[in-house]
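Just below is one structure, and these are the notes that go with it.
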Number of protein chains: 2
Amino acid sequence: MSLDIDSALQLRRNQSLTSIIRHELEQMIERGELSAGERLNENALAARLGVSRGPIREACRGLEQSGLVNVVVNRGVFIRALDGREAAELYEIRAALYGLAGRLLASIVTDEQVAILSGYVAEMDAAMAAGDLNSFYPGNLRFHEAIVEFGGNGRLAAECAAIHREMHLLRRRTLDMPGRMATSNDEHRVILERIAARDPAGAGAALEEHVLISRAALFGPLGHYPDA
Amino acid sequence: MSLDIDSALQLRRNQSLTSIIRHELEQMIERGELSAGERLNENALAARLGVSRGPIREACRGLEQSGLVNVVVNRGVFIRALDGREAAELYEIRAALYGLAGRLLASIVTDEQVAILSGYVAEMDAAMAAGDLNSFYPGNLRFHEAIVEFGGNGRLAAECAAIHREMHLLRRRTLDMPGRMATSNDEHRVILERIAARDPAGAGAALEEHVLISRAALFGPLGHYPDA
DNA sequence: CTTTTGCTGATTGTCAACAGTTTAAGATCC
DNA sequence: GGATCTTAAACTGTTGACAATCAGCAAAAG
């Protein structure tokens, strides 16, 4: 029972109003309740959350630094809008980081971890067979998260998570299009294969390509940037 | 002359006290005036800078998100201390990002850019010949900055700059050891060569290796992490 | 002598109010 | 009718004050 108390205290310890609000805003952005370009009204937010403007402002300065909002002096904070060029740049970086993750993981992966990853792929297969995009997405997410987690570079994992959060700022919300489910999972299978084979270069290349293909799919067959 | 006024207004426009203070603190960390683990006293800082605690706190929340400080509830903000493991992780990420920068640049580099990079290498050669570490360092910095800038991915450049700032949190301050000057510039020459040859894969690999060698040099011949 | 308990000063977390700027509506002029 | 100036409301930037919490020290208990 002391575990509950401990964890509760631990939570209370690291959570000021500022951090709670920042987390809440992050989730609102992730859920799409705050759309790109929208302005945050400090007074309204303060009233709605039952706190004063101080913690709100501090939370916003944190969000600014992590790229989720823009702050314009004397005008307010705006949910950042990712244009095509910025999204393309982000995908490029993401590809490089996933390539690194793949190389790292393939050189230290355990059999248990391979089994877990394999389970995610199976989940996605099932979702695909059922044509259920809503259950495909979380499997996809956990597959990618697990790869960077298992890679052992904690900072890399944090960086990938931050980039993923930032991707939600893209106006075109379909991060993975329905039509790509099948081919995407084929790519997952190749990635898994090469990780299981302890082939760092191969796994890295497969992951890198996987991300770059997503980017191409997002930007359409022509590959040009929208509104850039 | 309107340029002066404009730029002054532009500065005033985008600069609240918060952003000025954040920038000031970043520079203090970079100059080593604030050493790792040290605690920031809000009252003292506010008094010294002639402002109230509000902007100071907002600036610190920004620094927290960019990883330069740790904030502990009810105890204050502490200059973050990078232990060996975290530094190693950061070098790994940095290597991957520079690899990407090299591949990007080699595929789009202009002759003028090659000339500029070549100039930096020459500067470093001169500094090396004079045994002047103090003039080697800025050349080195500009060489690396230029590579990511010329690569055309603005976000990548920002990310590399952020990582570079964060590296200053390492307790062992010699980011590039004197003994490495000669071999380091040899590596620079190889990098430049491959960029000039429009060889993306080669340039990327050379840059990646360059960073990983720096990491190895920092951690000593044994390659183990200090205090990790 | 060691440990615990209860203060005291200092410091952080939060709030409410004031000052300056922006925005937008209304009035005025062409 | 449309454009421009005026003015007031709304909002952000900043400040100072108050409440809550923490570190350190002294006194008391074992």
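Note that these values count all heavy atoms, side chains included, but never hydrogens, waters or copies made by symmetry. Numbered from 1 within each chain, the chains take letters A, B, ... in sequence-line order.
One finds a salt bridge joining A:Glu208 and B:Arg103 here, because a Lys/Arg side-chain nitrogen approaches an Asp/Glu carboxylate oxygen to under 4.0 Å. Salt-bridge formation is not detected for the pair A:Arg155/B:Glu86: no Lys NZ or Arg NE/NH1/NH2 atom is positioned less than 4.0 Å from an Asp or Glu carboxylate oxygen. Checked for salt-bridge contact, A:Glu38 and A:Arg80 miss the test: no charged N lies under 4.0 Å from a carboxylate O.
Comparing atom distances between the B:Ser16 side chain and each of C:dC15, D:dG16, D:dG13 picks out D:dG13 as nearest.
The separation between B:Arg22 atom CZ and D:dT14 atom P is 12 Å, rounded to whole Å. The CG atom of A:Asn70 sits 15 Å away from the P atom of D:dT12 (whole-angstrom rounding). Per the geometry, CD1 belonging to B:Ile56 stands 15 Å off C1' belonging to D:dG16, to the nearest Å. For A:Leu17 and D:dA20, the CG to C1' distance is 12 Å, given to the nearest whole Å.
When the side-chain nitrogen and oxygen atoms of A:Arg57 are compared with OP1 and OP2 of D:dT12, none of them lie within a distance under 4.0 Å.
Aromatic pair B:His144/B:His164: ring centres not closer than 6.0 Å.
Ranked by how close their nearest DNA chain D nucleotide is to the 5' end, B:Arg53 and B:Glu58 are led by B:Glu58.
Panel note: side chain B:Glu123, backbone B:Gly139; no donor-acceptor pair is recorded below 3.5 Å.
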Check: protein-nucleotides 7-11 of chain D nitrogen or oxygen pairs below 3.5 Å:
residue: D:dC11; atom: OP1; partner: A:Asn41; partner atom: ND2; Å: 3.0
residue: D:dC11; atom: O3'; partner: A:Arg39; partner atom: NH2; Å: 2.6

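Here A:Gly54 lies out of heavy-atom contact (under 4.0 Å) with every strand.
The 12-atom threshold is not exceeded at CD of B:Glu209, counting heavy atoms of other residues, nucleotides or ligands nearer than 6.0 Å.
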